[in-house]
> 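What follows is a single structure, and I will ask about it in a moment.
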2 protein chains.
Amino acid sequence: MTEYILLGFLMEKDMTGYDMKQHMSMSTSYFVDASFGSIYPSLKRLNNKGFVALKETIENGKLKKTYSINEQGKVEFLKWLSSPIMVSRTDISSALEKIFFFRYLPHEQSIFLIEQCIHDIDRYKNSLLELKNKVDHEADPFGLCTLDFGIDCYDFAMHWCEEYLINKMR
Amino acid sequence: MTEYILLGFLMEKDMTGYDMKQHMSMSTSYFVDASFGSIYPSLKRLNNKGFVALKETIENGKLKKTYSINEQGKVEFLKWLSSPIMVSRTDISSALEKIFFFRYLPHEQSIFLIEQCIHDIDRYKNSLLELKNKVDHEADPFGLCTLDFGIDCYDFAMHWCEEYLINKMR
DNA sequence: TGCGTCATGTAACGGGTTACATGATTTA
DNA sequence: TAAATCATGTAACCCGTTACATGACGCA
């Protein structure tokens, strides 16, 4: 969800909504890319919930709202970050939302979450393999193709987590 | 979008909303899995738009609405199916929505759409490579990790399309 | 008797997008 | 002088989910 990405950005430094949009396009855009129509209401909500503070200034005649994360916001962000990575379907890239911010988590916890994630993906992959066995004879070639893609996709994600990510972290 | 998946199901045979949910769980669930709260309103909309016909029967005292696709519906479905596959971000599996139904498209057209898709993915991959060059020194390790995942993910999808899908089709 | 399956649907809510509205400053 | 960039925001709309409501049949 966008709100957590914005909180994550504020962990690094104070920013305006406009800054965050810019920052997004240079960092998370290939897996999360929110519009202003989503960013500004999110910031308002974060403020209402008491997770951020804002400082209004006037620069070059323009109103500027600079947001900063507070203690409560940090607690909320780390609570989200340390909760299990949910991977349903082959839309694996949703996992990137958390991995992107793993520098804010203790090393062992990051590794634990990734291993848990690998385990979940393995379960999904096995359920697809079962499905394939069931429909192998009746399904049409393209249906089987997409099934194979699903299986290969889970495989790719698992190997990437294991061989690339975990190895790089140790 | 769910409506097109439902239309696609009806290309094969007439079904009730309940049937479609069942069918989904055995076929598209790993990339599209709609709830009844989405399926029933979608069917109503398809009916209002004049893309499907429905036949109401009573079986075992229960009302049953069996939907069938009409000519207009087929035209609409094939129009959607033959339009370019949109792949933005690393959520590649959205491409599966169309590939799943490629049996309803002439072979050459399917191949054309996939080659177009490979080309698009290549552009996305290159923009990520550029981004990586730009931020290589400043970004933190996990930020770079997710970037690498993005690049590898596009690579995986391209190779899969080329080596697996296209080869299998020829 | 109570659970699982068949079968339909609505209402509240959530979270996103596009398009619009405003307006100053900087750059070509 | 016109466009791009900085900067904020709202309103309409889209589409999805969860939870709820209803009810019959068959089975253990």
Side-chain angles (χ1 to χ4, degrees), chain A residues 1-10 14-26 28-49 51-52 54-68 76 80 86 88-89 91 93-94 97, chain B residues 1-7 9-10 14-26 28-49 51-52 54-68 80 86 88-89 91 93-94 97:
Chain A
M1 208 221 284
T2 309
E3 282 177 41
Y4 288 107
I5 308 292
L6 300 182
L7 274 185
F9 286 169
L10 292 177
D14 297 357
M15 284 186 196
T16 67
Y18 193 86
D19 291 337
M20 294 188 204
K21 175 75 180 154
Q22 303 261 93
H23 195 240
M24 239 178 212
S25 75
M26 293 295 285
T28 67
S29 57
Y30 53 98
F31 59 96
V32 169
D33 196 15
S35 62
F36 284 122
S38 172
I39 290 172
Y40 286 120
S42 289
L43 288 171
K44 192 169 261 180
R45 257 176 274 138
L46 286 171
N47 191 39
N48 290 340
K49 288 176 189 167
F51 295 150
V52 296
L54 82 154
K55 197 173 43 187
E56 294 188 36
T57 52
I58 292 169
E59 243 166 76
N60 305 323
K62 290 168 262 167
L63 176 76
K64 206 171 172 175
K65 293 187 176 181
T66 306
Y67 290 85
S68 54
E76 178 67 18
W80 167 77
M86 301 291 258
S88 55
R89 334 229 177 132
D91 177 12
S93 57
S94 63
E97 284 171 34
Chain B
M1 209 222 281
T2 310
E3 281 176 41
Y4 288 107
I5 308 293
L6 300 181
L7 275 185
F9 286 169
L10 293 177
D14 297 356
M15 283 186 195
T16 67
Y18 194 87
D19 290 338
M20 294 188 204
K21 176 76 180 151
Q22 304 261 92
H23 195 240
M24 240 178 211
S25 75
M26 292 296 284
T28 66
S29 55
Y30 53 98
F31 58 96
V32 169
D33 196 15
S35 61
F36 283 123
S38 173
I39 290 172
Y40 286 120
S42 289
L43 287 172
K44 191 170 262 181
R45 256 176 275 139
L46 286 172
N47 192 39
N48 290 340
K49 288 175 189 166
F51 295 150
V52 297
L54 80 154
K55 196 172 44 188
E56 295 186 37
T57 51
I58 291 168
E59 243 164 75
N60 305 324
K62 289 169 263 167
L63 177 76
K64 206 172 173 176
K65 293 187 175 181
T66 307
Y67 290 86
S68 53
W80 167 76
M86 302 291 258
S88 54
R89 334 229 177 131
D91 177 14
S93 56
S94 63
E97 285 171 32

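Proteins come first, then strands; the chains are lettered A, B, ... in the order of their sequence lines, and each starts at number 1.
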> Which residues satisfy the side chain to side chain contact (heavy atoms under 4.5 Å, CB included) test with B:Lys49, sequence neighbours excluded?
B:Glu3, B:Phe51

> When the nearest nucleotide of DNA chain C is assigned to B:Lys44 and to A:Ser38 on a heavy-atom basis, which residue is associated with the more 5' position?
B:Lys44

> Taking the side chain as C-beta and beyond, is there a heavy-atom pair between A:Thr2 and A:Leu6 under 4.5 Å?
yes

> So do the side chains of A:Leu43 and A:Arg45 get within less than 4.5 Å of each other, counting heavy atoms only?
no

> Just how far, in rounded Å, is C1' of D:dT17 from CE of B:Met24?
14 Å

> First and last nucleotide of DNA chain C in contact with chain B, 5' to 3', at under 4.0 Å to a heavy atom: what are they?
C:dT5 to C:dT10

> Does B:Ala34 offer a backbone N or O that forms a donor-acceptor pair with the side chain of B:Ser38 under 3.5 Å?
no

> Examine distances only and state if a side-chain atom of A:Asp19 and a backbone atom of A:Thr16 form a donor-acceptor pair shorter than 3.5 Å.
yes

> What protein N or O atoms touch nucleotides 3-7 of chain D N or O atoms at under 3.5 angstrom, if any, and at what distances?
{"residue": "D:dC6", "atom": "OP2", "partner": "A:Tyr18", "partner atom": "OH", "Å": "2.8"}
{"residue": "D:dA7", "atom": "OP1", "partner": "A:Lys64", "partner atom": "NZ", "Å": "3.3"}

> Give the ring-plane orientation class for B:His23 versus B:Phe9, where under 30° counts as parallel, over 60° as perpendicular and anything between as tilted.
perpendicular

> Specify the residue among A:Phe36 and A:Met1 whose closest nucleotide of DNA chain C lies further upstream toward the 5′ end.
A:Met1

> Got a donor-acceptor contact below 3.5 angstrom from the B:Ser25 side chain to the B:Gln22 backbone?
yes

> Test your reading of the model: is there a side-chain donor-acceptor pair from A:Thr28 to the backbone of A:Val32, 3.5 Å cut-off?
yes

